[in-house]
Amino acid sequence: MAAAAGTWTFSFPALQRMKGLLLQGALATDCLEEAMADIENDEVTGSFVVGRGGYPNKDGIIQCDAAIMEGQPGRFGAVAALHGIGTPLAVARKVMEESPHSFLVGDGAVAFAKDQGFTVEDNGRMMSTHSTEAYQEYLEKGKTVKKHDTLGLIALDVCRNITAGVSTSGAPFKYPGRVGDSPLPGCGLYADKEVGAAAATGDGDMIMCFSPCFHVILLMKQGLSPMDACQNVVQDILRRMGKENTFELGIIAMNMKGEVGAASSMSFPYCVWSQGKESVEQLDATITA
Ligand code: GLY
């Protein structure tokens, strides 16, 4: 059974891409990296806070976070505060596969990417007209953008390999060096081939306080469906925070049967596809109040 899931409606083309590749028998990690790169490297989708054309930090530099986790134990790679590279998830994969480390940040991550043959571009080439205008408004009027989107993808291939990946340019106009939930294992993503995988989106400064993706996997391991596990985790977090301190959080999860669930504290569309289905579907997560 092959299947794929992605956060937000802008994951739709990525799901279509993964569907095609998975049906050809491609490996989960390869599908996910290719589909992610199409969106990360497109300055138009940068306005969804991902990769090229994403929002810069308060010094005007686009710094991206990305991570990949395979279901095999010990297979994780991440980068954070990475600048000048349009495909941060591909660098995270290289960290996983070609380095003795699991997580590289800032200039060290850029130097590693260069060593691996990535071209490091000037920040001006990473910025789009949209992100340049948004940054100008921030400088001139202090106008910030309340966006915390992350492209999170999950792929399950016909050989039962499961992989989760996430990529984001992080909180718009963030303090330089700020890292969100996305690249942190258990917070922005988690994968376990005996159980399934999960990915999160929303306010990373808060999400990282709860390791929600690891929690979802634990509940699925205890027998909950992906939908029930996501709902339980979001409910638990919101109950502990109290109504007045609600923050943006959306989670998607998939089990090894290719079943997908999602839950959120906000309006949160997500995309799913599984083998046997003609097309990619767009669904709305249950909102937990
Ligand atoms: N969830 C993405 C971030 O806050 O950086």
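Order of appearance sets the numbers: ligands from 1, and atoms from 1 within every ligand.
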Per-atom filter on ligand 1: closer than 4.0 angstrom to a heavy atom of Thr150 are 1 (N), 2 (C)
Would Asp205 count as being in polar contact with ligand 1, using the rule that some N or O on each side must be under 3.5 angstrom apart? no
Note: Arg178, heavy atoms under 4.0 Å from ligand 1, region reported as side chain
Near Ser182 (heavy-atom distance under 4.0 Å), the atoms of ligand 1 are 1 (N), 2 (C)
The atoms of ligand 1 lying under 4.0 Å from a heavy atom of Asp181, numbered in the order shown, are 1 (N), 2 (C), 3 (C), 4 (O)
| message | I'd like to check whether Gly180 has a polar contact with ligand 1, where a contact means an N/O of the residue lying under 3.5 Å from an N/O of the ligand. | response | no
Worksheet entry | Atom CZ of Phe247: over 12 foreign heavy atoms under 6.0 Å | yes
Verdict with reasoning, Arg75 to Glu97, per salt bridge (charged side-chain N to carboxylate O under 4.0 Å, His left out): CA-CA 8 Å; Arg75 296 279 293 170; Glu97 292 181 341; 3.5 Å; yes
The side chain to side chain donor-acceptor pair (under 3.5 Å) partner of Glu70 among Asn161, Thr163, Thr29 is Thr29
Parallel, tilted or perpendicular: rings of Phe268 and Trp8 (30°, 60°)
perpendicular
Please determine whether side chain to side chain contact (heavy atoms under 4.5 Å, CB included) holds for the pair Asp30 and Leu21, giving the CA-CA distance in whole Å, both sets of side-chain angles, and the decisive distance to 0.1 Å.
CA-CA 9 Å; Asp30 293 337; Leu21 292 167; over 6 Å; no
Here the pair of heavy atoms bringing Pro185 nearest to Tyr190 is C-CD1, 4.5 Å
Would you say ligand 1 has an N or O under 3.5 Å from any N or O of Thr201?
no
- Task: May I ask you to check if ligand 1 and Gly170 share an N or O to N or O distance below 3.5 Å?
- Result: no
